[in-house]
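Notes follow once the structure below has been shown.
This chain uses plain numbering: 1 for the first residue, then up along the sequence. Values below: every heavy atom of this structure, side chains too, minus hydrogens, waters and symmetry copies. Quick caveat, the model's predicted, so the values are computed rather than measured.
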Amino acid sequence: PTSPVARGREPSRLLSSSSAAAATPSPSPTRGRPPAGPEAASHQGRGGGAQQNLRSVAFGAAALAVTSGAVAYCLGLTNPSLNPNQAPPPDPTGYDAEGLMGAGWKGRVGIRQYMANSPMEDRALASATDDGQLVVGVLDGHGGWQVAEFVQANLLRGLEAAAAAAPSASLSAALTAAFEAMDAQVAELLKPGFDLGFGNVARVGACTTLAVVSESRIVVANAGDCRVVLGRRAAGPHPQVAAEEPVATAATAGATALGPLPASKHSRTCADPRAGLTDMTAAEEKRMPWVGYLRQCKQPEDGSDGGEGGPVPAGGVKAYELSSDHNARVPFEQLKLLREHPFEADIIRCKRADSCYVKGRLQPTRSIGDLYLKKPEFNGAPYKWIWGPRYDRTRGRHVAGGNSWGDSSPAPPVGGTPPYITATPEISRVKREAGHDVVLIAGTDGLWDYLSSQDAVTLATRVLERANGSVGAAAEELREEVLRRAAAKHGLSMDEVRELTPGRERRVRHDDITIVVVDLRQGGKSRTAKI
């Protein structure tokens with residue numbers, strides 16, 4: 001199938017035409033959103049309940065279809081669910097990316113996906129630059145597929161523009177400028193639709209993670225809860241933070257080490273019992289949701305979502321996380337939100353320890369899009385009652401200041417204190433170690449919901465080091481392991497998991513899955529293995 005990244009992308013000075021992308025068009029009723037709260041009691045009797053439920057379903061479906069079309073139209077995209085003449089989306093079991101051509105990266109990048117939402121909201125991309133660097137990324141859309149697809153098709157152009165505008169600036173600065181410019185462009189394109197009354201266009205967003213790989217360094221820009229993990233041989237040195245280099249020479253300049261790479265902020269390992277939270281005030285301690293649970297250092301029994309944790313096989317490859325999950329369940333993110341919005345008691349709402357939401361609305365604390373949590377002009381009007389338990393929310397999500405903490409704290413402003421989330425990425429830079437670096441894995445949270453970072457590195461390495469191993473086979477093994485664990489968790493066979501209908505049936509058991517595997521082994525450039 002034609003790659004969405006290829007549509008609308010033209011060759012440019014910085015990036016060569018050697019590109020590959022894995023994607024399928026996609027909205028999700030659940031990703032990144034909290035379950036609806038208790039609704040008001042119906043004014044109808046039993047006889048009218050079923051009829052009202054049918055009206056509600058029809059109303060919701062119509063609103064979703066209209067909103068989906070509005071977002072796609074504003075961003076210049078085509079919504080396949082509204083265009084019967086367009087070819088159907090690719091096989092929902094995922095498909096291979098085309099081999100990277102040129103720049104020596106052929107056979108070293110593999111992409112696999114698996115659909116949970118219908119349509120799918122994940123995207124992936126891989127592109128080689130003219131100067132030999134590899135750029136790979138994963139995007140996890142929520143509220144719809146549209147922002148993820150728009151970013152996938154335009155982010156690399158934005159990076160090119162940022163690099164051309166300031167060639168003496170660092171690659172980190174260029175990546176930051178590209179992310180922020182992409183967010184501003186999405187806001188500019190969606191504003192007319194919002195002003196026309198399509199308020200829900202402000203609810204669509206995408207967690208975005210990009211990694212730039214050269215022979216001497218890896219630079220990761222992350223805004224959201226996707227993750228990038230480096231697999232390095234356990235006998236090798238601990239990763240070192242690399243010094244900044246001008247974007248014009250980043251591909252060829254040697255990397256200078258500045259010091260050891262710190263542990264990812266979201267890691268829930270008992271070796272680091274929340275040391276970074278010891279400077280909390282008594283008031284912050286009291287207001288931190290689930291802080292007692294977190295300080296008990298409990299990890300999920302299956303090792304999932306537990307950071308780098310997991311045993312390293314003897315003589316094996318160790319996982320090092322090059323990004324931190326920007327999610328409201330992470331204590332560092334909670335503390336950041338509490339300090340930035342000290343008067344709003346509802347700044348974080350948790351359903352349980354691993355399920356928290358910014359203002360009760362969204363789990364990621366960074367993303368591109370999700371404009372109602374960033375800009376007052378995208379804050380929808382207060383909801384108006386229609387009938388029964390239904391309210392008119394077509395003007396978009398309404399975010400209010402909420403209540404104060406009930407002590408001596410002043411009341412928050414009526415309109416709140418946005419922005420609550422940001423598109424500014426967190427940047428990490430790591431010095432490469434020839435002979436020790438084995439694999440780089442980028443994945444949306446559909447992968448990390450079931451596999452720890454160490455599990456993913458161990459599985460991928462095991463496949464890569466087979467006689468006929470390939471990056472495609474490694475990515476496929478990770479995807480299959482997620483499905484095996486999802487099946488076991490829900491008491492299903494693998495066949496039963498595969499037979500689930502995309503949409504709610506799948507989504508309640510696992511998320512969309514997107515996996516990018518990069519072979520970093522010395523001499524890998526000459527390999528011709530299939531991806």
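- In terms of modelled atom types and a separation under 3.5 Å, the side chain of Arg506 and the main chain of Asp512 share no donor-acceptor contact.
- Within the 4.5 Å cutoff, the side chain of Val228 has no heavy atoms near those of the Ile441 side chain.
- At least one side-chain heavy atom of Pro425 sits less than 4.5 Å from a side-chain heavy atom of Thr176.
- In this structure, the ring of Tyr114 has its center less than 6.0 angstrom from the ring center of His510.
- Here the closest non-hydrogen pair linking Arg509 and Glu505 is NH1-O, 2.6 Å.
- Here the straight-line distance linking atom CG of Asp225 with atom OG of Ser324 works out to 12.0 Å at 0.5 Å rounding.
- Remark: Arg366 CZ to Asp325 CG distance equals 12.0 Å, nearest 0.5 Å.
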Please assess Tyr372 against His398 for the test side chain to side chain contact (heavy atoms under 4.5 Å, CB included), listing each intermediate value before the final yes or no. CA-CA 8 Å; Tyr372 72 102; His398 176 66; over 6 Å; no
Would you check, one step at a time, whether the test side chain to side chain contact (heavy atoms under 4.5 Å, CB included) holds for Leu190 with Leu75? CA-CA 7 Å; Leu190 291 183; Leu75 296 178; 4.1 Å; yes
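- The two residues Lys374 and Asp183 come nearest to each other via the heavy atoms NZ-OD1, 2.8 Å.
- The backbone N or O of Ala460 sits nowhere less than 3.5 Å from a side-chain atom of Glu477 that would complete a donor-acceptor pair.
- The two atoms that bring Ala328 and Ile348 nearest to each other are O-CG2, 4.3 Å, heavy atoms only.
- Between the side chain of Arg479 and the main chain of Gln113, a donor-acceptor pair closer than 3.5 Å is present.
- By the 4.5 Å heavy-atom criterion applied to side chains, Ser367 and Ile421 are counted as neighbours.
- Thr209 and Arg227 share no donor-acceptor pair across their side chains, judged by distance under 3.5 Å alone.
- Here the shortest heavy-atom pairing between Leu371 and Ala187 reads CD1-CA, 3.6 Å.
- Contact check for Arg329 versus Ser355: no side-chain heavy atoms found under the 4.5 Å cut-off.
- A 4.5 Å side-chain heavy-atom check between Asp511 and Asp140 finds at least one atom pair inside the cut-off.
- Of the candidates Asn222, Ile515, Leu210, Thr514, Thr514 is the only one forming a side chain to side chain contact (heavy atoms under 4.5 Å, CB included) with Val138.
- Side chain of Asn117 to backbone of Pro119: no donor-acceptor contact under 3.5 angstrom is found.
- A 4.5 Å side-chain heavy-atom check between Val229 and Tyr320 finds every atom pair outside the cut-off.
- How far OG of Ser264 is from CZ of Phe332: 9.5 Å, rounded to the nearest 0.5 Å.
- In this structure, Asn327 and Cys356 approach most closely via the heavy-atom pair OD1-O, 4.3 Å.
- Using modelled atom types, no side-chain atom of Lys359 and backbone atom of Tyr420 make a donor-acceptor pair closer than 3.5 Å.
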Side chain to side chain contact (heavy atoms under 4.5 Å, CB included) assessment of Val136 paired with Leu125: CA-CA 6 Å; Val136 296; Leu125 61 90; 5.8 Å; no
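- Judged by distance alone, with hydrogens and angles left aside, the side-chain atoms of Thr208 form a donor-acceptor pair with the main-chain N or O of Ala206 at under 3.5 Å.
- Summarising the geometry of Glu496 relative to Gly491, their closest heavy-atom pair is OE1-O, 4.4 Å, with the distance given to 0.1 Å.
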CA sep, side-chain torsions, deciding dist, call: Val220, Val212, side chain to side chain contact (heavy atoms under 4.5 Å, CB included): CA-CA 6 Å; Val220 175; Val212 182; over 6 Å; no
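- Remark: Phe179 CZ to Glu426 CD distance equals 11.5 Å, nearest 0.5 Å.
- One side chain, Glu180 or Thr424, offers a donor N or O that lies under 3.5 Å from an acceptor on the other.
- Counted by atom type alone, Thr458 and Asp455 present zero donor-acceptor pairs between their side chains at under 3.5 Å.
- Between atom CD of residue Glu499 and atom CE of residue Met494 there is a gap of 11.5 Å, rounded to the nearest 0.5 Å.
- Between the side chain of Arg485 and the backbone N or O of Tyr450, at least one donor-acceptor pair lies under 3.5 Å.
- Within the 4.5 Å cutoff, the side chain of Val213 has heavy atoms near those of the Leu520 side chain.
- For the 3.5 Å distance criterion, the side chains of Glu333 and His326 fail to qualify, holding no donor opposite an acceptor.
- Looking at residues two or more places apart in sequence or on another chain, you find a ring-ring contact (aromatic ring centres under 6.0 Å, His included) between Phe194 and Phe378.
- Counting only distance, with no hydrogens or angles, the side chain of Asn154 and the backbone of Phe150 share a donor-acceptor pair below 3.5 Å.
- Here the side chains of Arg498 and Leu483 are in contact, with some heavy-atom distance below 4.5 Å.
- Side-chain atoms of Ser453 never come within 3.5 Å of backbone atoms of Glu321 as a donor-acceptor pair (strictly under, hydrogens ignored).
- To the nearest 0.5 Å, atoms OG1 (Thr365) and NZ (Lys336) are separated by 6.5 Å.
- Checking side-chain atoms of Trp448 against main-chain N and O of Cys226 turns up no donor-acceptor pair under 3.5 Å.
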